[in-house]
Amino acid sequence: MRRAYFLILLVLGVFGVTAATFGQASSSDSQTLKALLTEVRELRQVLQSSLTRIQSAQILLTRLQSQEVAVTRASQHLDDARSKLAEVQVAMRRAAAEIKHFEDEAPNGENAAQVEEALKRAKSELEASTNLEQQRQATESEAEEHLRTEQEKLSSLETQLDELVRNMDNPSEQSGRLPR
C-alpha cells in the first residue's frame with residue numbers, strides 16, 4: 001500500500017511539475033508574443049513616420065525644382081529688360097550726339113532746311129527714346145523686384161529642406177525611434 005501510495009505521489013508529482021512547467025512556458029510564450037507585438041507596432045509607427053518624412057521631402061524637392069525654374073525665368077526676364085534698356089540708352093546717346101552735331105553745324109543757305117528737319121527728327125527721336133527709357137526702367141525695376149521675390153521663395157524652400165534633412169539626421173527628433 002505504501003508502494004502504491006508512493007507511486008501515486010510520484011505520478012502526481014511528475015504530472016504536477018510537468019503541468020507547472022507547461023503553465024510557465026505558456027506564460028513565457030505569452031509575454032514573448034506581447035513583446036513581439038509591441039515591437040512590431042513600434043516598428044510600424046517608425047515606418048509610417050519615415051514614409052511621411054520621405055513624402056514630405058519628395059514634395060519639397062518638387063517645389064524646390066519648380067521654384068528654381070521660376071528664379072531662372074525671372075533672371076532671364078531681368079536680363080532682357082536690362083538689355084532693352086541699354087539699347088534705348090545707346091539710341092538716346094546717338095540722338096543727343098546728332099542734335100549736338102546739327103546744332104554745332106552752321107547751316108548755310110542750301111542745306112539749312114535739311115539741317116532743321118534732321119534736327120527736329122533727332123529731337124523727336126530723343127524725346128521718344130526718353131519716354132521709352134522711362135518705361136524700360138520701370139520694367140527693369142519690376143523685373144528686379146520679381147526676381148528678389150522668387151529668390152526669397154527659393155531660399156525659404158531651401159531652409160525648409162535643410163530643416164527636414166537635419167530632422168532626419170537627428171535621432172532625438174524622430175518620433176517613435178526604437179533604441180538599439
Side-chain angles (χ1 to χ4, degrees), residues 38-107 111-180:
T38 301
E39 187 169 348
V40 166
R41 286 180 179 152
E42 289 173 353
L43 287 171
R44 189 171 120 217
Q45 286 176 344
V46 169
L47 182 61
Q48 285 175 338
S49 175
S50 295
L51 288 175
T52 300
R53 288 173 191 254
I54 289 169
Q55 288 173 339
S56 296
Q58 288 174 335
I59 291 168
L60 195 54
L61 285 172
T62 301
R63 289 178 60 203
L64 188 72
Q65 289 170 339
S66 295
Q67 193 58 39
E68 286 174 339
V69 169
V71 167
T72 300
R73 273 194 310 255
S75 180
Q76 288 171 345
H77 182 65
L78 177 59
D79 289 344
D80 290 344
R82 285 181 176 160
S83 175
K84 289 177 181 179
L85 177 60
E87 289 172 6
V88 168
Q89 289 170 339
V90 166
M92 288 176 63
R93 284 192 292 274
R94 187 179 57 243
E98 279 184 41
I99 291 170
K100 183 169 178 10
H101 172 72
F102 291 131
E103 287 176 344
D104 289 347
E105 186 178 302
N111 66 357
Q114 291 174 340
V115 170
E116 282 298 316
E117 185 61 34
L119 184 60
K120 281 183 184 178
R121 189 175 26 84
K123 285 183 178 181
S124 175
E125 199 176 292
L126 180 61
E127 186 178 332
S129 293
T130 302
N131 291 336
L132 189 56
E133 179 190 35
Q134 290 172 351
Q135 292 172 357
R136 298 278 166 89
Q137 284 174 337
T139 301
E140 179 190 33
S141 294
E142 290 171 6
E144 285 174 341
E145 182 61 32
H146 183 67
L147 177 60
R148 264 193 301 279
T149 301
E150 295 300 328
Q151 286 173 330
E152 288 171 2
K153 289 177 185 177
L154 180 62
S155 178
S156 174
L157 289 171
E158 287 171 342
T159 300
Q160 289 176 22
L161 186 60
D162 290 343
E163 183 68 26
L164 187 63
V165 169
R166 263 194 307 278
N167 287 341
M168 285 180 172
D169 290 341
N170 189 353
S172 64
E173 291 286 326
Q174 294 182 10
S175 61
R177 181 101 196 232
L178 294 176
R180 292 282 168 204

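As the structure is a prediction and not an experimental result, all values here were calculated from the model.
The backbone N or O of Glu150 sits less than 3.5 Å from a side-chain atom of Gln67, completing a donor-acceptor pair. At distances below 3.5 Å, not a single donor-acceptor pair connects side-chain atoms of Ser75 with backbone N or O atoms of Val71. Between the side chain of Thr159 and the main chain of Ser155, a donor-acceptor pair closer than 3.5 Å is present. A donor-acceptor distance shorter than 3.5 angstrom exists from the side chain of Ser141 to the backbone of Gln137, with no hydrogens or angles considered. At least one donor-acceptor pair closer than 3.5 Å links the side chain of Ser50 to the backbone N or O of Val46. Listed for the Thr62 side chain is a donor-acceptor partner under 3.5 Å among the backbone atoms of Gln58.
Lys123 pairs by the side chain to side chain contact (heavy atoms under 4.5 Å, CB included) definition with Ile99, Glu103, Leu119, not counting sequence neighbours. Considering only residues two or more places apart in sequence or on other chains, Glu145 meets the side chain to side chain contact (heavy atoms under 4.5 Å, CB included) condition with Arg148, Thr149. Gln134 is linked by a side chain to side chain contact (heavy atoms under 4.5 Å, CB included) to Thr130, Asn131, counting only residues two or more places apart in sequence or in another chain.
Rounded to the nearest 0.5 angstrom, Leu157 CG and Ser66 OG are separated by 9.5 Å. Between Glu140 atom CD and Asp79 atom CG the span is 10.0 Å, to the nearest 0.5 Å. Taken from OG in Ser129 to CD in Gln89, the straight-line distance is 10.5 Å, to the nearest 0.5 Å. Atom CZ of Arg73 is separated from atom CD of Gln76 by 9.0 Å, given to the nearest 0.5 angstrom. Interatomic distance, Leu64 CG to Ile59 CD1, rounded to the nearest 0.5 Å: 13.5 Å. Glu68 contributes atom CD, which lies 9.5 Å from atom CG of Leu61 (distance to the nearest 0.5 angstrom).
The shortest side-chain heavy-atom distance between Gln48 and Arg44 falls under the 4.5 Å cut-off. Side-chain contact between Gln160 and Glu163 is absent, with no heavy atoms from C-beta onward closer than 4.5 Å. Within the 4.5 Å cutoff, side-chain heavy atoms of Arg82 are placed close to those of Glu144. Side-chain contact between His77 and His146 is absent, with no heavy-atom pair separated by less than 4.5 Å.
The nearest pair of heavy atoms linking Ala81 to Ala143 is CB-CB, 4.5 Å.
Ion pair Asp80/Lys84 not flagged as a salt bridge, since none of the NZ, NE, NH1 or NH2 atoms sits closer than 4.0 Å to an Asp/Glu carboxylate oxygen.
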Margin query: Using side-chain contact (heavy atoms from CB on, under 4.5 Å), reason through Ser83 and Glu87 one step at a time and then give a plain yes or no.
Written below: CA-CA 6 Å; Ser83 175; Glu87 289 172 6; 3.9 Å; yes
